[in-house]
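Encoded as structure tokens, the structure appears first; notes follow it.
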Amino acid sequence: MNGAEKQIAELLGQIERRDFAVVDDPRIGRLASLVHIAEQYGFRYEQSRHVGKVMQVHMVRDPRPEAAERALATRAAFPSAGQAGGTVPGMRPRRLSPLPEAAERVRALGRRIEYDAMDDPELRAKAAIVGVPAVVSALLVLPAGTGTALLVGALMAGFAAAVLGWTAVRKNWLKQRLRETEPEWVAAPE
């Protein structure tokens with residue numbers, strides 16, 4: 001089994017045993033593909049967050065009757081899913097790469113995962129930590145002169161502000177795409 005097949009097998013094992021599933025990966029695209037697969041088995045995306053250097057996605061069983069029907073149909077259509085060489089709905093064989101009919105849904109899920117992860121308190125803490133080196137750098141170069149210390153502090157603070165500004169712009173862009181492509185998520189990301 002390759003890495004993608006192992007992730008799929010692990011996800012399907014969780015789906016069979018529990019009413020929730022948790023997957024992690026540093027790549028949002030792979031996570032979105034896994035969420036798409038889980039949706040076909042009667043689950044729905046719940047939330048995402050950063051855990052160390054990876055992103056973690058939580059899914060829960062969808063209580064709607066149509067989700068249970070979709071899960072039954074998927075199990076019947078993909079009996080070898082989760083096994084070496086087995087196929088899963090919407091993905092290329094042995095890969096977490098979406099087929100054309102699933103590509104837009106996977107992209108939308110990726111945007112939602114990324115958007116939710118931007119609200120993660122750990123990410124905000126990392127952004128705040130960027131400001132601390134600015135102060136420390138300014139204090140360390142103080143013997144070199146007040147002007148140099150102020151310049152170093154200003155450059156570090158400017159960098160931190162640029163990173164935070166880019167994050168805000170990216171988050172607004174993601175929110176707009178979600179409103180355009182996923183009407184059921186319009187109210188959720190605020």
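Small disclaimer: the values here were computed from a predicted structure and weren't measured.
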Interatomic spacing from CD1 in I28 to CG in L109 - rounded to 0.5 Å: 12.0 Å
Polar side-chain atom of Q14 near backbone of V22 as donor-acceptor pair, under 3.5 Å: yes
Gap separating the CG atom of D116 from the NE2 atom of H50, nearest 0.5 angstrom: 10.5 Å
Heavy-atom closest pair, residues P98 and S33: CD-OG, 4.0 Å
CZ-NE2 distance between F43 and H36, expressed to the nearest 0.5 angstrom: 15.5 Å
From CA spacing to verdict: side chain to side chain contact (heavy atoms under 4.5 Å, CB included), L34, I8: CA-CA 7 Å; L34 288 166; I8 292 167; 4.3 Å; yes
Point-to-point distance, once rounded to the nearest 0.5 Å, from CZ of R111 to CG of L178: 6.5 Å
Transitive ILVMFWY side-chain link F20 to V23, under 4.5 Å: no
Any donor-acceptor N/O pair, R61 side chain to I15 backbone, under 3.5 Å: yes
From CZ (R44) to NE2 (H58), nearest 0.5 Å: 13.5 Å
Nearest heavy atoms of M59 and A38, plus distance in Å: SD-CB, 3.4 Å
Side chain to side chain, Y115 and S48, heavy atoms closer than 4.5 Å: no
Closest non-hydrogen atom pair, R94 against N2: O-ND2, 2.8 Å
In a table with atom names and distances, give each donor-acceptor pair under 3.5 Å that connects a side chain of residues 63-82 to protein atoms at least two apart or in another chain.
| unit_1 | atom_1 | unit_2 | atom_2 | d |
| --- | --- | --- | --- | --- |
| R64 | NE | D62 | OD1 | 3.0 |
| R64 | NE | D62 | OD2 | 3.1 |
| R64 | NH2 | D62 | OD2 | 2.6 |
| R70 | NE | E39 | O | 2.8 |
| R70 | NH2 | E39 | O | 3.1 |
| T74 | OG1 | Q40 | O | 2.8 |
| T74 | OG1 | R70 | O | 2.9 |
| R75 | NE | E16 | OE2 | 3.0 |
| R75 | NH2 | E16 | OE2 | 3.1 |

Test log, rule side chain to side chain contact (heavy atoms under 4.5 Å, CB included), inputs D24 and V51: CA-CA 8 Å; D24 54 38; V51 177; over 6 Å; no
Heavy-atom donor-acceptor pair, R170 side chain to W166 backbone, under 3.5 Å: no
Side chain to side chain contact (heavy atoms under 4.5 Å, CB included) between L99 and R92, intermediate numbers included: CA-CA 6 Å; L99 292 168; R92 298 185 191 288; 3.8 Å; yes
Reported CZ-to-CE distance for the pair R27 and M55, which is rounded to 0.5 angstrom: 12.5 Å
